[in-house]
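Each ligand, and each atom within it, is numbered from 1 in the order the structure gives.
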Amino acid sequence: MNTILITGASSGIGKAAARHFADKGWNVIAAMRVPEKETELTRADHIMVTRIDVELRSTMAEAAARGIERFGKIDVLLNNAGYGSSGIFEAASDEQIQRQFDVNVFGLMNMTKAVLPHFRANKQGLIINVSSIGGILAMPTMSLYHAAKFAVEGFTESLYYELASQNIRVKLIEPGSIKTDFGGRSMDFFFDDSLTDYLEFADTYRAVRAQMGENPARQSSPDLVAEVIYEAATDQTNQLRYAAGEDAKALIKLKRESGDQAVIQQISRMFA
Ligand SMILES: NC(=O)c1ccc[n+]([C@@H]2O[C@H](COP(=O)([O-])OP(=O)(O)OC[C@H]3O[C@@H](n4cnc5c(N)ncnc54)[C@H](OP(=O)(O)O)[C@@H]3O)[C@@H](O)[C@H]2O)c1
């Protein structure tokens with residue numbers, strides 16, 4: 001039986017992936033910051049709910065070791081834990097900037113380091129990093145988030161070559177807008193209305209966002225992303241990138257076919 005370790009399995013995409021892989025008969029190491037709160041995933045025998053805070057390195061090594069002890073090995077690492085942030089860059093505190101990278105970039109890198117010796121010893125393994133359409137193109141007021149997801153994209157694409165030498169594959173999932181806690185409790189805002197020069201821009205942004213932004217009717221379900229992750233984990237190919245959601249597919253197509261500047265002009269018009 002195959003085993004997957006998932007970070008950020010307490011909600012959204014991570015939880016949907018934990019359910020999906022378990023339903024398909026996989027062993028699941030469902031890692032989350034506060035496992036004591038989990039009541040659903042703990043009910044299945046082949047799901048091990050355990051603690052990983054990707055800001056705390058020791059929790060990664062411990063959870064990986066306990067997972068290997070319980071299930072024998074890890075076949076797939078799903079680096080999913082992450083959160084969004086939104087605001088005016090000048091208003092972001094040093095702590096907010098640091099934390100966005102600590103969780104979304106350094107957490108993912110450290111988690112990768114925690115399983116690589118195991119994958120090398122097994123002479124195989126697969127690392128799936130949850131990026132975003134926001135790792136391919138950028139929207140206004142999400143500079144920190146895009147910086148982090150662009151970093152994940154470059155990191156993963158380079159590892160693709162390096163780890164192929166060890167028979168370890170890496171893949172990227174690029175979801176569009178997904179109905180999770182991402183835009184709600186998980187989002188870190190850093191608008192500051194005392195920076196009055198930005199008020200007009202910020203108001204326009206909020207108005208456009210309210211109109212078309214996180215409209216639940218347009219968002220895909222986390223189950224759809226879980227299916228794409230499952231496909232990436234089982235298709236036996238070396239494909240690097242997997243878009244998830246019709247919006248992500250359309251935007252990637254637009255960028256590929258019309259070019260960078262056309263996308264920038266379209267987004268500029270939306271927020272004009
Ligand atoms: N939703 C979207 O529209 C969307 C689109 C593209 C990409 N993504 C990406 O998808 C991934 C999952 O997000 P989601 O949409 O499922 O949102 P979510 O429901 O808010 O889930 C985020 C998960 O990350 C966890 N997390 C946050 N900080 C952590 C830390 N320091 N250590 C360990 N876990 C931590 C959260 O744990 P707690 O429950 O403890 O807070 C939660 O389990 C993220 O990488 C996000 O960037 C989301």
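Close approach of ligand 1 to Ser11 (heavy-atom distance below 4.0 Å) involves ligand atoms 18 (P), 19 (O), 21 (O), 42 (C), 43 (O). The atoms of ligand 1 that sit less than 4.0 Å from any heavy atom of Ile13 are 10 (O), 15 (O), 16 (O), 48 (C). When each atom of ligand 1 is checked for a heavy atom of Gly12 under 4.0 Å away, the hits are 16 (O), 19 (O). Close approach of ligand 1 to Ser177 is summarised as follows: ligand atoms under 4.0 Å from at least one heavy atom of the residue are 3 (O). Close approach of ligand 1 to Val130 (heavy-atom distance below 4.0 Å) involves ligand atoms 9 (C), 10 (O), 11 (C). Atoms of ligand 1 found under 4.0 Å from any heavy atom of Ser186, numbered from 1 in the order shown, are 18 (P), 20 (O). Close approach of ligand 1 to Glu55 is summarised as follows: ligand atoms under 4.0 Å from at least one heavy atom of the residue are 31 (N).
Between Ser131 and ligand 1 there is a heavy-atom distance shorter than 4.0 Å. For the ligand labelled ligand 1, residue Val34 lies outside the 4.0 Å heavy-atom shell. Contact between Gly134 and ligand 1 is absent, with no heavy atom of the residue lying under 4.0 Å from the ligand.
With a 4.0 Å heavy-atom cut-off, ligand 1 is reached by the side chain of Arg185 but not by its N, CA, C or O. Contact annotation: for Asn80 versus ligand 1, heavy atoms closer than 4.0 Å belong to both the backbone and the side chain. When non-hydrogen atoms are compared, ligand 1 lies under 4.0 Å from the side chain of Lys149 (C-beta onward) but not from its backbone. Here Ile178 has heavy atoms under 4.0 Å from ligand 1 in both its backbone and its side chain.
Summarising the local packing, CZ of Phe189 is surrounded by more than 12 heavy atoms from other residues, nucleotides or ligands at distances under 6.0 Å.
For atom 23 (C) of ligand 1, the nearest non-hydrogen atom of the protein is Gly8 O, 3.9 Å.
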